Enquirer: 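So that we are looking at the same thing, I have put the structure below in structure tokens.
Each chain gets a letter, A, B and so on, in the order the sequences are listed, and its residues count up from 1. Please read these numbers as outputs of a predicted model, since none were measured by experiment.
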Amino acid sequence: MSQVRVRFAPSPTGFFHIGSARTALFNWLYARHTGGTFILRIEDTDKDRNREEYLRLIYNSLTWLGMDWDEGPNPDGNGECGSFGPYRQSQRADIYQAYLQKLREAGRAYEKDGAIWFKLLGERFKVFDDHRKKEVEKVRSAPVIIDDKIRGKVERMEDEDFVIFRSDGNPGFHFVNVVDDITMQVSHIIRGEDHLSNTSKHVRLYEGFGVTPPVFAHLPLILKSPEMGQGKMSKRDKGALIEEYQQRYFLPEALITYLAFLGWNPGDDREKMPLAEIVKLFDLPGVNQSNAKFDGKKLAHMNMTYLLAQPADRFLTLARDYFRRQPGGTAALANEAYFREIMRLAQPKIKGIEELGTYTAYFWDENFPIDAMVKEKVMAKGDPQARLNELLAALPTMDFSNDANMEAGIKLLAEKHSLGFGDYQAVARLAVSGTNAGPSITSIFRVLGKERVTARIKRFLAAG
RNA sequence: GUCCCCAUCGUCUAGCCCGGUCAGGACACCACCCUUUCACGGUGAGAACCGGGGUUCGAAUCCCCGUGGGGACGCCA
């Protein structure tokens, strides 16, 4: 059995976003790669900002993305599993008290302004802090040397005493983080680079407890794309929320792959591979050191390639789920055989499940809209009315039973009038679907059936 | 401002550790091909080693300094 124990420790104070998901993923990948344990710990010490719905969102998002945890609260929120709990910091008060006691006994804790502070060892000096606009006391000592698995050696020799218990009686982040990592026997701390400057404080705390710190690995951050502006990605940025992708019916494996390859690669040209392969190849030294800008277009492309590759059955399952939740979507699901037929036509064409509604609307609705721009374009060329009338006249004798016969029928008509297939295609498409994008016209005809095609063309002609 | 991290096409990146290749791939963009529309796909084009010093026969690769970007600087996590 492996010794590797990693944790993902979100706080339920806001929506679950892409940066958190990536941190979770890299921890999960490392656990699975090493055969170690992946722990989910809830850092809910900030009572004012914690919300139960955000907690559920964490469980849901991780589950949706396929990241299962070995220890932590159960995904349904009832109970927990693992023998190092509780896994919610709000339930670990007695543990924190015990560890506070250790610090007190070691003379490393003191009170000030109603809070309890951790006392650093070393030479104290005062300096004016331009950021806080006040004089602060710093402590200089032998440098903390962090041997970061991603960044190499990182040194720091100055820090300030910091709060470990707030004046409201609740323990602070640095303290609980370290105490939990000690008591849960976390072996590797894999987290965002925004925590790198906290790490020296954490190491001091480990030293204060007389415990050897775990291995650190600080991940590069996900930054805004150039269009979004500067800085690291925040929940407010477009495309930042995991929930959004779920709602837009992205394939979780596409998102996972995109995220995995943002900051990591197997060292060759591959940009996509099965998750099992990523698990096999993933390792900390392979993670990049530089921040990466988020590219929604590349993610969308990834999603499309996965969608294209789905077996028909899976696509059908996803599509059904999509229509079930669409307003008026039940109409699409009324006839199973018809639905399957249309999904088969749509799968190779669309870029995402979310396009399904508009892409197939005219199949379920006789009152489909006519795209004015397309109409203007199509009606300007040749004599489209004449083509439709010729089609109308030939329709009764055409064979709608399969694509080949359907196509042959239209071609025959075109030949008769010394015209091409294309002369009928565009206008027929406009008349029966109202647009210029879609499956082949022969498939549309066949699936719609003779009656509806006839009726739609007549109606289109009548409407002018 | 102080401390810390980082630096290859617009973007994600390979190459860097162990100096020697036309600096390779992908997304996006453009052109062409395929074609029954729209997509997919195919081919091609444009597009990068941040700057300056050093070390070396030779530097994207090693070292230093600039510059740029990012992060941290809360009784938030």
Enquirer: Between R22(A) and V163(A), just flag the one whose closest nucleotide in RNA chain B comes earlier from the 5' side.
Expert: R22(A)
Enquirer: Does G1(B) pair with anything, Watson-Crick or G-U wobble, both distances under 3.5 Å, and if so, with which nucleotide?
Expert: C73(B)
Enquirer: With sequence neighbours left out, which residue pairs that include part of residues 402-436 of chain A fulfil the ring pair (Phe, Tyr, Trp, His ring centres under 6.0 Å) condition?
Expert: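 Sorted result for residues 402-436 of chain A: empty, none.
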Enquirer: Distance between the C1' atoms of A47(B) and A23(B), in whole angstroms?
Expert: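 Straight-line distance between the two C1' atoms is 13 Å.
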Enquirer: Within the 4.0 Å heavy-atom criterion, would you say D159(A) contacts the bases, only the backbone, or no part of the nucleic acid?
Expert: nothing
Enquirer: Please measure how far the C1' atom in G68(B) lies from the corresponding atom in C30(B), and state the result in whole Å.
Expert: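 So the two C1' atoms sit 30 Å from each other.
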Enquirer: Could you tell me the separation between the CD atom of E111(A) and the P atom of C75(B), rounded to a whole number of Å?
Expert: 16 Å
Enquirer: Students often get this wrong, so: under 4.0 angstrom with heavy atoms, is T13(A) touching a base, only sugar-phosphate, or nothing?
Expert: nothing
Enquirer: Please state whether the phosphate of A72(B), meaning OP1 or OP2, lies under 4.0 angstrom from any side-chain nitrogen or oxygen of K232(A).
Expert: yes
Enquirer: C76(B) P sits how many Å from F173(A) CZ, rounded?
Expert: 13 Å
Enquirer: Is a donor on one side and an acceptor on the other found under 3.5 Å between the side chain of N405(A) and the backbone of F400(A)?
Expert: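 No; judged by distance alone, with no hydrogens or angles, the pair does not exist.
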Enquirer: Listed by chain and number, what are the salt bridge (charged side-chain N to carboxylate O under 4.0 Å, His left out) partners of D168(A), not counting sequence neighbours?
Expert: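 Partners of D168(A) by the salt bridge (charged side-chain N to carboxylate O under 4.0 Å, His left out) criterion, ordered by chain and then number, come out as R166(A).
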Enquirer: Within the 4.0 Å limit for protein heavy atoms, which parts of nucleotides 28-46 of chain B are touched? Write it as a string from 5' to 3', B for base, S for sugar-phosphate only, - for none.
Expert: S-------BBBBS------
Enquirer: Quantified in whole Å, what is the P atom distance between nucleotide U61(B) and nucleotide C17(B)?
Expert: 9 Å
Enquirer: Indicate, with a heavy-atom threshold strictly under 4.0 Å, whether N170(A) touches base, sugar-phosphate, or nothing.
Expert: nothing
Enquirer: I need the full list of ring pair (Phe, Tyr, Trp, His ring centres under 6.0 Å) pairs touching residues 134-163 of chain A, with sequence neighbours left out, sorted by first then second residue.
Expert: F118(A)-F162(A), F162(A)-H174(A)
Enquirer: With respect to the phosphate group of A77(B), does any side-chain polar atom (N or O) of R166(A) fall under 4.0 Å of OP1 or OP2?
Expert: yes
Enquirer: How does protein contact run along nucleotides 2-8 of chain B, one letter per nucleotide 5' to 3', with B for base contact, S for sugar-phosphate only, - for none, heavy atoms under 4.0 Å?
Expert: -SSSSS-
Enquirer: Check the distance between C73(B)'s P and H202(A)'s NE2 and give it to me in whole angstrom.
Expert: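 Going from NE2 in H202(A) over to P in C73(B) covers 11 Å.
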Enquirer: Are H195(A) and F173(A), when compared by the centres of their aromatic rings, separated by less than 6.0 Å?
Expert: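 Yes - the distance between ring centres of H195(A) and F173(A) falls below the 6.0 Å cut-off.
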Enquirer: If C40(B) has a Watson-Crick or G-U wobble mate with both distances under 3.5 Å, name it; if not, just say none.
Expert: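 WC or wobble partner does not exist here.
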Enquirer: Does NZ or CZ of R140(A) fall inside the cone over F125(A)'s six-membered ring, less than 6.0 Å from its centre and within 45° of the axis?
Expert: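 Checked: cation-pi criterion met.
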Enquirer: With T13(A), which residues qualify under side-chain hydrogen bond (donor to acceptor under 3.5 Å, both in side chains), at least two apart?
Expert: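 Only S11(A) meet the side-chain hydrogen bond (donor to acceptor under 3.5 Å, both in side chains) criterion with T13(A).
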Enquirer: What interatomic distance, in whole Å, is found between P of G15(B) and the corresponding atom of G24(B)?
Expert: 15 Å
Enquirer: Name the nucleic acid region contacted by G231(A), choosing base, sugar-phosphate or nothing; use a 4.0 angstrom heavy-atom cut-off, strictly under.
Expert: sugar-phosphate
Enquirer: If you count heavy atoms of other groups shown closer than 6.0 angstrom to NZ of K119(A), is the number above 12?
Expert: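 Incorrect, the count does not exceed 12.
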Enquirer: Using atom C1' of each nucleotide, how far apart are C57(B) and G42(B) to the nearest Å?
Expert: 45 Å
Enquirer: Checking understanding here: a glycosidic angle within 90° of 0 is syn, the rest anti, so what is C40(B)?
Expert: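 This nucleotide is in syn.
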Enquirer: Can you name the salt bridge (charged side-chain N to carboxylate O under 4.0 Å, His left out) partners of D423(A), sequence neighbours left out?
Expert: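 Testing D423(A) for salt bridge (charged side-chain N to carboxylate O under 4.0 Å, His left out), a comparison that skips the adjacent residues, returns none.
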Enquirer: Distances under 3.5 Å between protein N/O atoms and the N/O atoms of nucleotides 14-19 of chain B, please, pair by pair.
Expert:
unit_1: A14(B); atom_1: OP1; unit_2: N265(A); atom_2: ND2; d: 2.6
unit_1: A14(B); atom_1: OP1; unit_2: N288(A); atom_2: ND2; d: 3.2

Enquirer: Students often get this wrong, so: under 4.0 angstrom with heavy atoms, is H195(A) touching a base, only sugar-phosphate, or nothing?
Expert: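 Base, at least one base atom sits under 4.0 Å.
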Enquirer: In whole Å, what is the span from the CZ atom of R51(A) to the C1' atom of A77(B)?
Expert: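 My rounded result for the distance is 17 Å.
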Enquirer: Just call it for F261(A): base, sugar-phosphate, or nothing, with non-hydrogen atoms closer than 4.0 Å on any strand.
Expert: sugar-phosphate
Enquirer: When the C1' atoms of A48(B) and A14(B) are compared, how many Å lie between them, rounded to an integer?
Expert: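 Looking at atom C1' only, A14(B) and A48(B) are 13 Å apart.
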Enquirer: Using whole Å, what does the distance between atom P of nucleotide C75(B) and atom CG of D168(A) come to?
Expert: 12 Å
Enquirer: Can you measure L299(A) atom CG to U11(B) atom P for me and round it to whole angstrom units?
Expert: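 L299(A) atom CG is separated from U11(B) atom P by 18 Å.
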Enquirer: Could you tell me the separation between the CD1 atom of I58(A) and the C1' atom of A77(B), rounded to a whole number of Å?
Expert: 11 Å
Enquirer: State which residues pass salt bridge (charged side-chain N to carboxylate O under 4.0 Å, His left out) with D403(A); sequence neighbours excluded, sorted by chain then number.
Expert: R446(A)
Enquirer: With sequence neighbours excluded, what pairs up with K149(A) under the salt bridge (charged side-chain N to carboxylate O under 4.0 Å, His left out) test?
Expert: none
Enquirer: Who passes side-chain hydrogen bond (donor to acceptor under 3.5 Å, both in side chains) against Y87(A), sequence neighbours left out?
Expert: E71(A)
Enquirer: When rounded to the nearest Å, what value does the distance between P atoms of G25(B) and A45(B) take?
Expert: 10 Å
Enquirer: Determine the contact category for R270(A): base if any of its heavy atoms lies under 4.0 Å from a base atom, sugar-phosphate if only primed atoms, P, OP1 or OP2 are that close, otherwise nothing.
Expert: nothing
Enquirer: Which residue pairs pass the salt bridge (Lys or Arg N to Asp or Glu O under 4.0 Å) test when at least one of the two sits in residues 290-304 of chain A, sequence neighbours left out?
Expert: E271(A)-K298(A)
Enquirer: Would you mind pulling out the nucleotide paired to G10(B), Watson-Crick or G-U wobble, both distances under 3.5 Å?
Expert: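 G10(B) is paired, partner C27(B).
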Enquirer: Quickly work out the F294(A) CZ to U13(B) P distance and round it to whole Å.
Expert: 13 Å
Enquirer: Write down the distance separating the C1' atoms in C18(B) and A60(B), rounded off to the nearest Å.
Expert: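 The same atom, C1', in both gives a distance of 15 Å.
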Enquirer: Answer with yes or no after comparing the ring centroid distance for F282(A) and F26(A) against a 6.0 Å cut-off, counting only values under it.
Expert: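 They qualify: ring centres under 6.0 Å apart.
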